[in-house]
J.: 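Once you've had a glance at the structure underneath, I'll fire off some questions.
Below, read A as the first sequence line, B as the second, and so on, with proteins coming before strands; counting in each chain starts at 1.
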2 protein chains.
Amino acid sequence: MTDLLKKNIALNVTLNDQEFARFAEPFRVTTVQKKEFLLQEGEVCGFEAFVNKGCFKVYHLNDKGFEQVVYFATENWWITDIDSFIHQTPSQLSIQALEDSEILVINKADKEKLYEDMPKVEKLFRVMTQKTHIALQRRMIDTLSKTADQRYQDFLQRYPDIASRLTNIQIAAYLGVSHEFVSKIRKKISRS
Amino acid sequence: MTDLLKKNIALNVTLNDQEFARFAEPFRVTTVQKKEFLLQEGEVCGFEAFVNKGCFKVYHLNDKGFEQVVYFATENWWITDIDSFIHQTPSQLSIQALEDSEILVINKADKEKLYEDMPKVEKLFRVMTQKTHIALQRRMIDTLSKTADQRYQDFLQRYPDIASRLTNIQIAAYLGVSHEFVSKIRKKISRS
DNA sequence: AATCACTGTTGACGCATATCACCTTTGTAT
DNA sequence: ATACAAAGGTGATATGCGTCAACAGTGATT
């Protein structure tokens with residue numbers, strides 16, 4: 001149940017079996033059906049979750065009513081609306097399952113107890129947040145300086161396993177372009 | 001010398017005078033002249049710095065030879081190339097002073113000692129990184145779903161004090177648009 | 001099997017923004 | 001004070017991408 005989680009955190013911090021047991025204790029296994037929402041805009045996000053199986057999109061509905069995908073999360077990714085979770089303010093993001101999924105959920109109070117009880121957990125989430133931040137910084141640079149064509153191809157190369165589970169419409173919502181234009185990019189690629 | 005730093009970290013963590021003294025000890029005051037580089041692309045970033053006075057731009061030179069500004073840092077901001085600093089790999093970013101400035105610099109080894117000696121420092125940088133990440137996530141959404149016009153006006157509203165110290169060219173490099181277009185946006189605004 | 005919703009494709013047209021060229025204004029160094 | 005570099009502004013033209021509309025393909029639901 002928590003095997004994948006154990007491997008995941010081992011990337012950032014070393015815990016012995018007893019420490020990991022304490023860490024894993026407050027997590028609850030939850031199954032989520034395709035199309036089900038973990039969080040809807042306006043709700044306060046009280047959880048953080050680790051994806052054991054399945055796929056989610058974390059997105060914002062912009063002024064024009066378009067979904068802007070902040071990120072996709074498949075096996076081994078963490079999901080939350082970090083802004084709403086930390087500040088306990090209404091969420092501007094929604095989180096929806098794109099496949100039948102299984103996640104490990106921890107609530108805010110339990111996570112804060114972990115921070116207090118285990119200094120290594122501070123380090124774990126510091127390092128995880130830093131890595132996430134680095135990835136987002138790179139995406140920011142690419143978004144501002146590359147064409148949609150290049151960004152589409154970069155996405156396929158960087159996340160081939162995720163891309164194959166998504167529709168063009170979902171990928172377009174991540175890249176911030178219309179799905180019709182993604183379709184035209186694909187046509188152009190297939191000709192060359 | 002470290003008054004501003006003391007106030008800055010007090011936003012995220014509580015340290016008594018003795019603890020703060022230990023925290024501040026490894027920082028070195030450094031003056032930097034306008035146009036001087038703290039870091040150039042290709043170098044490994046071995047420091048993190050707190051801005052006491054002045055202004056910096058952190059930017060990436062893209063394929064077309066254009067500067068893409070990742071962020072500006074004035075008084076009370078921290079600067080580093082977090083990617084290069086953490087992984088000790090060659091930097092893809094450059095950091096240059098836009099004004100004569102004064103910073104407090106800590107090197108990587110000393111920062112790691114702080115992490116080991118003071119659990120509160122783990123928390124400090126975890127929370128700081130989370131806040132930075134939230135801000136970048138919001139910027140990402142805005143970049144993908146708003147026009148240059150809106151983003152320019154948002155920038156002026158959100159950072160009026162920084163904007164007034166920058167040229168249009170620098171603001172354009174942050175927004176990811178040409179400086180000519182920023183000029184046209186300004187004209188349009190002034191007419192209305 | 002039939003239906004209906006969702007996804008993908010294509011073309012015509014329009015808008016946001018880039019590019020280029022040139023000029024004016026401002027700042028800076030001697 | 002002069003000269004030169006950098007910043008700011010403007011118009012003409014080009015391009016990337018959006019919008020809209022229509023249609024075909026693919027899956028889901030009954």
J.: Categorize B/S183 for me: base, sugar-phosphate, or nothing, with a 4.0 angstrom heavy-atom threshold over every strand shown.
T.: base
J.: For the pair made of NE2 in A/H179 and P in D/dC17, what is the distance, rounded to whole Å?
T.: 16 Å
J.: Classify the ring geometry between A/F37 and A/Y59 as parallel (under 30°), tilted (30 to 60°) or perpendicular (over 60°).
T.: tilted
J.: Using the six-membered ring wherever Trp is involved, compare the ring planes of A/F125 and A/W78 and label them parallel, tilted or perpendicular (cut-offs 30° and 60°).
T.: perpendicular
J.: Would you call A/E48 and A/R28 a salt bridge, taking side-chain N to carboxylate O under 4.0 Å as the test?
T.: no
J.: Take B/K64 and B/K35, find for each the nucleotide of DNA chain C with the closest heavy atom, and name the residue whose nucleotide sits nearer the 5' end.
T.: B/K64
J.: Could you work out how much the helix from C/dA1-D/dT30 to C/dT30-D/dA1 bends, comparing the axis of its first five pairs with that of its last five, to 10°?
T.: 50°
J.: Going 5' to 3' along DNA chain C, between which two nucleotides do contacts with chain A fall, using a heavy-atom cut-off of 4.0 Å?
T.: C/dT7 to C/dA12
J.: Can you measure B/E180 atom CD to D/dT15 atom P for me and round it to whole angstrom units?
T.: 16 Å
J.: Ion pair present between B/D142 and B/R139, side-chain N to carboxylate O less than 4.0 angstrom?
T.: no
J.: Using the rule that two of Ile, Leu, Val, Met, Phe, Trp, Tyr join whenever any of their side-chain heavy atoms come within less than 4.5 Å, decide whether B/V121 and B/V127 are in one cluster.
T.: no
J.: Please state how far atom NZ in B/K188 lies from atom C1' in D/dT10, giving the value in whole angstrom units.
T.: 16 Å
J.: When the distance from CZ of A/R151 to P of D/dG16 is rounded to whole Å, what number comes out?
T.: 13 Å
J.: Mark yes when over 12 heavy atoms from residues, nucleotides or ligands other than B/Y115 sit less than 6.0 Å from its OH; otherwise mark no.
T.: yes
J.: For a quick check of understanding: with a heavy-atom distance under 4.0 Å over all strands, which category does A/S178 fall into, base, sugar-phosphate or nothing?
T.: base
J.: Rounded to the nearest Å, what distance is computed from the CG atom of residue B/N168 to the C1' atom of nucleotide D/dT10?
T.: 14 Å
J.: Picking from B/D117, B/D110, B/D17, what satisfies salt bridge (charged side-chain N to carboxylate O under 4.0 Å, His left out) with B/R22?
T.: B/D117
J.: Atom CD1 of B/I185 to atom P of D/dG9: distance rounded to whole Å?
T.: 12 Å
J.: Please determine if B/K108 and B/E112 form a salt bridge, counting it only when a charged side-chain N lies under 4.0 Å from a carboxylate O.
T.: yes
J.: Using whole Å, report how far CD of B/Q96 lies from C1' of D/dA6.
T.: 14 Å
J.: Considering heavy-atom distances to DNA chain D, does A/A148 or B/R186 have its closest nucleotide positioned more toward the 5' end?
T.: B/R186
J.: For the residue pair A/W77 and A/Y71, categorise the inter-ring angle as parallel (less than 30°), tilted (30 to 60°) or perpendicular (more than 60°).
T.: parallel
J.: Using a cut-off of 4.0 Å on non-hydrogen atoms, how would the nucleic acid contact of A/K34 be classed: base, sugar-phosphate, or nothing?
T.: nothing
J.: Check the distance between D/dG16's C1' and A/Q150's CD and give it to me in whole angstrom.
T.: 12 Å
J.: At less than 4.0 Å, is any side-chain N or O atom of B/K184 found next to OP1 or OP2 of D/dA12? Yes or no.
T.: no
